[in-house]
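Worksheet for the structure shown next.
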Amino acid sequence: MIKYFANVFNNSRAIVQGHWITLKYMFKPAVTIHYPDEKLVPFEKFRGALLFDQQVCISCNLCVKACPSNCIQLENAKNETGKKIAKVEWYSIDFGKCNFCRLCEEACPTKPKSVWHSLDYEVIFVKRDEMVRCWKKDFPFVGKYFDRKTQDFMDAEGQVSIHDVQPRRS
Amino acid sequence: MSNALMQTHDASTMAGLKTDQLFINLGPQHPSTHGVLRIGLTIEGEVIVKAVPDIGYLHRGTEKLSEVRNYHHCVVLTDRWDYVSAMPNNLVFCLAAEKLAGVKTTPRADALRVIMCEMNRIASHLLFFGTYGIDLGAYTPFLYAFREREMVLDLFEMLCGARLTYNYIRLGGVMVDASPEWLKRTSEFLEYFKPRLDEYDTLLTYNPIFMARTKGIGIVSAAEAKDWALSGPNLRGSGVNYDVRKFAPYSGYENYDFEVPLGKDGSCWDRYFCRVSEMRQSVRIVSQAIAKLPEGPFQASGFAKVPKPIAGESYANVEASRGDLGIYLASDGGISPYRMHVHAPSFINLAMLQDKLVGMKVSDVIALLGSIDIVLGEVDR
């Protein structure tokens, strides 16, 4: 009988102790954030979606060799006489394959980097074609994708950029 | 008539009664299996008579993939084995590759590696602590554990840019040097974290309901643990004092003062308690490492962009969060490994389920499975 009541006492005490810890934190500010309304700004080194700048790129192929999953492809631009120049004709990143490992950014020799991880963590794709982003000469800065149905480069309409943080670049 | 009924409930006749055997699929989508693990359970009433763990749902073939990638690329693959504690995975591959290439790291790189691995151990054991509580019906500790785990992941994000697949430890060193601000924030976190461990003890460790569910359940004796080649907290929970950090120190673990927590009888509670105690030791190691962090370069010089080790083989093992993680590398002199084999602790620890579950009650399956703390990414690789 004593054992029974001791058991009841011990269990109730444990429940009270547990609630006491909860009570201590009840009046402190919450550590969670309400995501779509508030947003965390990632740290400066955060590895978000890759961005590319075709003005700076010298088309040296180092990022292609550095990528462990072959997600980057590029082609050299050529001048009138058909000789290769240090500019890209087109550059494409397959986000379906990207590992977010920063090996391409580290390999990039230009200053500022021509391929780098932005702080964008809200990368949304609605079609598989959209995952392959292509940067083409005289195209706008944000990547276009090649639509297999229409055989043309299209604007990525599925990607909703709801988060406007300045991309890190060094 | 009532007499006849009474007789069937008599203890002597109950022994001869046999119920039909029933086959249950536990998983692969069971929330308590921590991944995609299927256990085929044959039960008789409430007692398990046969258990067959079925793995392979998360096989990605990283061992084969490494044969067509160079050594820098392979570090990226290692992140994907034990995804809740990826730092030791990075480390063990780098140690094996450095042995093969004959490169020595710098003292600062070694210290940073130790800090990151121990911080990752804290993050990994916090995940275990939280989910084990959920497995046994205690939801509150999970919220507290994740509050602290988030802080560790924030520190990782601040230093290397990723929260789960770090790719931080590189051949010959680490990715980036730790800034003084990062070290300060880490010390602050450690100060914040120490009293939290006492709260965890109140919330879960010494909770009578939790102890009743785990003490004396799933006892693995020391001899059994050795026979099954268990490692990590599962082995030490049975009272076997084996820790790679003590017995074959790597990355300068011999310079740090820490203890190896041991369990007594190898029950689920002992394995759990080993992990909680290990978090305290990790805090000790990290604070020591920060206090005597040597100056100097964080990356060894003279490491080729695309390393081409001479033909040969090497083996390196580390004490990862889940046990003794080993890598066997064979090189034929090319830019990519000829063969890589992973000695994954989760895979070996999981194997004891088929023997250990027999004779247990169905309600204790999750208690045992949770206490082994497997990560299916490492089991299937």
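Naming: A, B, ... by sequence-line order, numbering from 1 per chain. Values below: every heavy atom of this structure, side chains too, minus hydrogens, waters and symmetry copies.
Remark: side-chain polar atoms of B:His73 are paired, donor with acceptor, to backbone N or O of A:Ala66 under 3.5 angstrom. Side-chain atoms of A:Arg47 come within 3.5 Å of backbone atoms of B:Tyr166 as a donor-acceptor pair (strictly under, hydrogens ignored).
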Test side chain to side chain contact (heavy atoms under 4.5 Å, CB included) applied to B:Thr165 and A:Asn99, step by step: CA-CA 9 Å; B:Thr165 49; A:Asn99 272 316; over 6 Å; no
Using the rule given for side chain to side chain contact (heavy atoms under 4.5 Å, CB included), can you reason through A:Asn70 versus B:Arg69, listing the C-alpha separation, both sets of side-chain angles and the distance that settles it, and then say yes or no? CA-CA 10 Å; A:Asn70 290 338; B:Arg69 276 158 177 77; 5.6 Å; no
Set out, in order, the CA-CA distance, both residues' side-chain angles and the distance that settles side chain to side chain contact (heavy atoms under 4.5 Å, CB included) for B:His72 and A:Glu106, then state yes or no. CA-CA 12 Å; B:His72 288 294; A:Glu106 285 173 7; over 6 Å; no
What do the steps show when you test A:Tyr25 against B:Glu199 for side chain to side chain contact (heavy atoms under 4.5 Å, CB included), and what is the final call? CA-CA 12 Å; A:Tyr25 288 108; B:Glu199 281 180 8; 2.8 Å; yes
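Contacts between B:Val176 and chain A at a heavy-atom distance below 4.5 Å involve the side chain alone, from C-beta outward. Only the side chain of B:Tyr144 comes within less than 4.5 Å of a heavy atom of chain A; its backbone N, CA, C and O stay farther away. For A:Thr32, no part sits under 4.5 Å from any heavy atom of chain B, backbone or side chain. For chain B, the nearby part of A:Lys65 is the backbone; its heavy atoms alone come within less than 4.5 Å.
Within residues 81-93 of chain B, no residue has any heavy atom closer than 4.5 Å to a heavy atom of chain A. Contacts between residues 148-163 of chain B and chain A, counted as heavy-atom pairs separated by less than 4.5 Å, involve B:Asp154, B:Glu157, B:Met158, B:Leu159, B:Cys160, B:Gly161, B:Ala162.
Heavy-atom neighbours of B:Phe146 CZ from other residues, nucleotides or ligands within 6.0 Å: above the threshold of 12. Within a 6.0 Å radius of NZ in A:Lys24, more than 12 heavy atoms belonging to other residues, nucleotides or ligands are found. Other residues, nucleotides and ligands place more than 12 heavy atoms under 6.0 Å from the CD atom of A:Glu38. For A:Gln73, the CD atom is loosely surrounded, since the number of other residues' heavy atoms within 6.0 Å does not exceed 12.
Of all heavy-atom pairs between B:Asn167 and A:Cys101, the closest is ND2-O, 3.0 Å. For the pair B:Pro208 and A:Asn10, the tightest heavy-atom approach, listed with the atom from each and the gap, is CG-O, 3.8 Å.
No side-chain donor-acceptor contact under 3.5 Å links B:Tyr206 and A:Gln17.
Chain A forms the most heavy-atom pairs under 4.5 Å with one residue out of B:Val76, B:Asn70, B:Leu77, B:Leu203, and that residue is B:Val76.
Taking NZ of A:Lys45 as the start and CH2 of B:Trp182 as the end, the distance is 10.5 Å to the nearest 0.5 Å. Considering CD1 of A:Ile21 and OG1 of B:Thr140, their distance stands at 10.0 Å, rounded to 0.5 Å.
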